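Scroll down for the structure; my scribbles are underneath it.
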Amino acid sequence: MHYPKKFYGVLRRGSLKGCPLPSLDSHGTSCYRITSKIRFRMKPWPDPLNFIPTDTPKTKEGFYYRRIFEEFFPGQGHFIPYAWMPKWTNNATDPAKRIRISRPINDNTTLKGGMSQPQNEHQPLNNVFSITLLLLLHLLKAGGTLKPAILSEPQDVTVTSTSFNILCIKSPDSTVAWFHNGKPVNTRHSLNVKSHQVSSDGSLHVKNAIKGRDEGSYYCLVSNKKGAVISRTATVKFAYLNKFTGGDWMIEKEQGNDAIISCNAPDSFPHRTIQWTKRTTGGKQQLAPSSHRTVSQEGDLHFAFLDSSDTGDYICTVNNLFIMKNVARTVTLNVLPATIQLNKPPRVADEFSFPKTVLKGQKFVLECIVYGKPVPRITLRKKGLHTMLGKTTRNVHILVINSFSRDDAGKYKCKASDQSGQSDTKTTIITMEEIPAGFGPGSRSPKSTENALIRTSVEMTCNPTGEPKPVVRWMFGLCISIVLEGSRYCQTEI
């Protein structure tokens with residue numbers, strides 16, 4: 001028979017110490033005999049009917065237990081209205097209670113529960129449910145107020161209008177407090193009541209949003225009398241597109257040489273698109289396909305070699321579709337006639353050699369841009385593999401990896417060659433990183449509870465997964481400068 005620890009400890013106070021309910025104590029004396037000798041301090045013994053009108057106990061033993069029961073579970077004595085008694089008890093008034101469920105042999109007989117053993121026409125269940133009332137009510141009472149929980153964590157928000165919402169769906173019977181850049185959000189202040197409001201589910205609604213005031217990190221703290229829990233930190237950032245720095249400019253190069261026209265696109269959030277056009281007599285038009293020209297992932301225009309037809313005004317337009325805004329700049333290219341028409345040796349762009357880092361599972365595009373006249377032949381290989389990778393389009397070779405894995409990391413070699421046998425080769429090293437993914441397979445997390453004696457040593461293990469190995473920071477307590485319902489929450493780094 002199982003009892004709640006706290007309740008069990010109360011039952012074993014004083015004279016009951018050492019009595020393993022409902023059995024014998026260490027001297028072989030039954031709990032019934034021990035409790036029958038207990039003299040209540042209340043003299044004379046009060047009338048139980050005045051104190052416990054429901055299923056009133058008939059003995060001092062029953063009244064003793066019932067008083068303790070009512071202390072922890074007030075008004076719950078009606079939960080099971082029957083006292084189960086075996087046949088051999090005759091007229092005993094033992095206060096123990098349990099439920100006996102039996103199963104009928106035929107379909108016409110319903111389930112019964114009562115005060116005596118099952119009747120002959122009933123066959124007991126294979127697993128007879130004998131449930132102690134004390135344990136049932138303990139579970140019900142514990143379930144009345146659960147520990148606080150966050151049902152929906154706050155997520156990052158990109159603000160594109162004058163208002164935004166941050167979700168923090170809290171559990172019932174709990175309150176929520178919001179923090180912005182580590183400071184409490186005062187939704188009751190007269191200046192904030194119209195701009196910052198918390199809904200009944202715990203979410204934060206911000207109206208008349210201002211970048212300088214409302215941008216930053218947010219998290220919520222959900223609490224009740226059972227404790228508190230802090231959400232993940234969500235970042236609120238306003239969408240924007242900066243202007244170009246500097247004005248338009250002009251480039252002059254001799255025919256046959258390679259050239260790069262940089263867009264120098266301004267910063268934009270959350271992302272940007274870059275589009276090149278060329279001015280014509282009728283306005284401007286998209287760049288016509290060319291075998292010796294390509295646009296890199298960074299948005300720069302690369303010419304394997306220059307031809308006289310490449311002369312003109314090139315317009316780089318940067319768009320932010322989130323806020324429907326764009327900015328543009330013009331670069332004039334003037335191709336000078338060459339005194340001698342010569343072929344140019346193949347060359348791989350220097351940018352290919354720059355080391356690259358990719359997150360696990362992320363889409364990755366490896367490009368190798370080449371220069372030379374005529375346009376060189378391009379091959380791309382990974383060290384340890386003999387097969388050629390990727391695909392060549394004009395003067396760029398592209399390898400697309402939809403989900404980067406550890407097998408994709410390593411050294412890659414790009415080679416540009418022409419028919420005369422001239423070539424240029426450059427290599428790059430790609431490493432993979434993995435965002436710490438918590439405590440997955442092969443990792444170890446600290447126990448939720450660690451018991452130790454005073455002035456003894458204790459070791460707590462924390463070994464999360466991630467590549468490279470994550471930096472672990474231990475925190476002691478929770479140190480947020482706020483008091484909620486009389487409790488102060490702190491967050492302190494060890």
Side-chain angles (χ1 to χ4, degrees), residues 156-162 164 209-212 214-215 235-337 349-352 354 356 363-371 375 393-398 400:
D156 295 345
V157 176
T158 299
V159 182
T160 59
S161 63
T162 58
F164 64 90
I210 304 173
K211 181 177 181 179
D214 300 316
E215 195 170 62
T235 300
V236 172
K237 198 168 182 179
F238 284 63
Y240 67 90
L241 174 61
N242 291 338
K243 297 180 179 180
F244 278 103
T245 57
D248 302 336
W249 75 86
M250 184 178 69
I251 298 176
E252 285 188 345
K253 276 206 168 185
E254 194 175 83
Q255 185 177 356
N257 291 330
D258 60 76
I260 302 174
I261 301 180
S262 299
C263 178
N264 295 327
D267 289 338
S268 176
F269 181 82
H271 61 74
R272 66 191 179 193
T273 60
I274 298 176
Q275 184 181 41
W276 282 93
T277 55
K278 189 176 182 181
R279 184 170 287 123
T280 62
T281 54
K284 60 181 180 179
Q285 65 180 14
Q286 297 289 332
L287 292 180
S290 172
S291 62
H292 68 283
R293 182 185 61 222
T294 190
V295 179
S296 67
Q297 294 183 80
E298 289 75 22
D300 298 331
L301 201 55
H302 294 256
F303 295 83
F305 62 89
L306 290 174
D307 189 75
S308 58
S309 61
D310 295 323
T311 296
D313 294 332
Y314 293 84
I315 304 169
C316 178
T317 303
V318 181
N319 300 279
N320 186 324
L321 300 179
F322 269 73
I323 55 179
M324 301 300 293
K325 183 179 179 181
N326 65 76
V327 292
R329 96 171 338 153
T330 301
V331 180
T332 301
L333 175 61
N334 188 14
V335 181
L336 303 175
D350 295 335
E351 289 78 7
F352 182 81
F354 298 165
K356 302 164 181 64
K363 183 178 180 179
F364 176 68
V365 178
L366 177 63
E367 66 177 5
C368 177
I369 299 175
V370 300
Y371 312 102
V375 177
T393 304
R394 297 182 289 275
N395 61 322
V396 61
H397 193 91
I398 296 177
V400 179

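In this text, all values refer to a predicted model and were calculated from it rather than measured experimentally.
Within a 6.0 Å sphere centred on NZ of Lys356, other residues, nucleotides and ligands contribute more than 12 heavy atoms.
In summary, the side chains of Asp307 and Ser309 do present a donor paired with an acceptor at a separation below 3.5 Å, with no hydrogens or angles considered.
Put simply, the side chain of Asn395 never gets that close to the backbone of Tyr371: no donor and acceptor are under 3.5 Å apart. Without hydrogens or angle criteria, Thr311 side chain to Val335 main chain gives a donor-acceptor distance under 3.5 Å. Under the 3.5 Å distance criterion, the side-chain polar atoms of Asn320 are matched with a main-chain donor or acceptor of Phe269. Panel note: side chain Glu367, backbone Gln297; a donor-acceptor pair is recorded below 3.5 Å. Looking at Arg394, its side chain does come within 3.5 Å of a backbone N or O of Arg293 through a donor-acceptor pair.
Between Val159 and Val236 the shortest side-chain heavy-atom distance falls below 4.5 Å.
Both the sub-6.0 Å distance and the 45° axial angle are satisfied by Lys211 relative to the ring of Tyr240. Remark: Lys325 is not positioned above the aromatic ring of Phe322, lacking an NZ or CZ atom under 6.0 angstrom from the ring centre and at most 45 degrees off the axis.
Classification of the Tyr314-Trp276 ring pair by plane angle, with boundaries at 30° and 60°, yields perpendicular. Between Phe164 and Phe238, the ring planes are perpendicular. Angles over 60° get that label, and only those under 30° would be called parallel.
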**Request:** Report the C-alpha separation of Leu333 and Leu301 in whole Å, then their side-chain angles, then the decisive distance to 0.1 Å, and conclude whether the side-chain contact (heavy atoms from CB on, under 4.5 Å) test is met.
**Result:** CA-CA 11 Å; Leu333 175 61; Leu301 201 55; over 6 Å; no

**Asked** What's the verdict on side-chain contact (heavy atoms from CB on, under 4.5 Å) for Cys316 and Val331, showing C-alpha distance, side-chain angles and the deciding distance?
**Response** CA-CA 8 Å; Cys316 178; Val331 180; over 6 Å; no

Side-chain polar contacts of residues 242-256 - donor-acceptor pairs under 3.5 angstrom, sequence neighbours left out - could you list them?
from: Asp248; atom 1: OD1; to: Thr330; atom 2: N; distance (Å): 3.0
from: Glu252; atom 1: OE2; to: Asn334; atom 2: ND2; distance (Å): 3.0
from: Lys253; atom 1: NZ; to: Asp258; atom 2: O; distance (Å): 3.0

